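Excluded from the calculations below are hydrogen atoms, water molecules and symmetry mates; all remaining heavy atoms, backbone and side chain alike, are included. Just so it is clear, the model here is predicted, and its values are computed rather than measured. Numbering of ligands and ligand atoms starts at 1, following listing order.
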Amino acid sequence: MRCQQCGSTESKVVDSRPSEDGRQIRRRRECEHCGGRFSTLESLIERPLIVIKRDKSSEPFNREKLLRGLLTATVKRDVPLAVLEELISNVEAELRDLPRREVSSKKLGDMVLARLRDVDDVAYIRFASVYKDFKDVEEFQDALKVM
Ligand SMILES: [Zn+2]
């Protein structure tokens with residue numbers, strides 16, 4: 001890794017620390033030429049998790065996108081961000097265990113809903129209304145009754 005100050009490629013690692021989720025290593029390096037310090041981030045190159053959408057197109061699983069959806073569903077519901085982060089990590093872990101590492105958006109929605117039900121009732125309904133693509137009002141009300 002080239003030093004930003006002098007351009008030398010010789011550096012030594014002075015500190016290594018795993019990130020909070022344990023999936024990256026942050027290394028503090030020192031340039032052997034000028035002594036400048038900089039950090040690098042090392043992560044495993046993984047096969048991506050793929051989400052197959054309703055129209056059959058696919059996209060990589062995106063934590064941020066899912067988190068945005070969950071934040072919208074939990075507006076004014078006082079659900080800690082850490083709980084949502086954990087929910088997503090949980091879903092992600094389950095996805096990684098799938099043999100083909102791909103999932104339909106519907107199945108993904110169901111996986112999230114199954115967990116969200118235990119977190120917050122209102123958030124569950126809000127999220128379900130987006131993901132389940134309710135055909136009519138009755139269907140939506142049926143979902144409400146289950147609660
Ligand atoms: Zn340097």
request  = State, with a plain yes or no, whether a side-chain heavy atom of Arg29 is found less than 4.5 Å away from one of Arg37.
outcome  =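 Arg29 does not reach Arg37 side chain to side chain.
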Check: Met1 and Phe38 side chains under 4.5 Å, non-hydrogen atoms =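 Of all side-chain heavy-atom pairs linking Met1 with Phe38, at least one is under 4.5 Å.
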query = Looking only at heavy atoms, what is the nearest atom pair of Ile50 and Pro60, with distance?
reply =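 In this case the closest contact between Ile50 and Pro60 is CD1-CA, 4.3 Å.
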inquiry  = Can you give me the closest heavy-atom contact between Phe127 and Leu116, atom names plus distance?
reply    =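 Minimum heavy-atom separation between Phe127 and Leu116: CB-CD2, 3.5 Å.
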ask   = Can you list every salt bridge (Lys or Arg N to Asp or Glu O under 4.0 Å) pair that touches residues 71-89, not counting sequence neighbours?
value =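 Applying salt bridge (Lys or Arg N to Asp or Glu O under 4.0 Å) to every pair that reaches into residues 71-89, excluding sequence neighbours, yields Arg63-Glu85, Arg77-Asp120.
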ask   = For the Zn ion (ligand 1), which protein N/O/S atoms are closer than 2.8 Å?
value =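 Within the sphere that stays under 2.8 Å of the Zn ion (ligand 1), the protein atoms of type N, O or S are Cys3 SG, Cys6 SG, Cys31 SG, Cys34 SG.
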request  = Assess the side chains of Ser16 and Arg27: does a donor N or O sit below 3.5 Å from an acceptor N or O?
outcome  =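 Yes, side-chain donor-acceptor contact under 3.5 Å.
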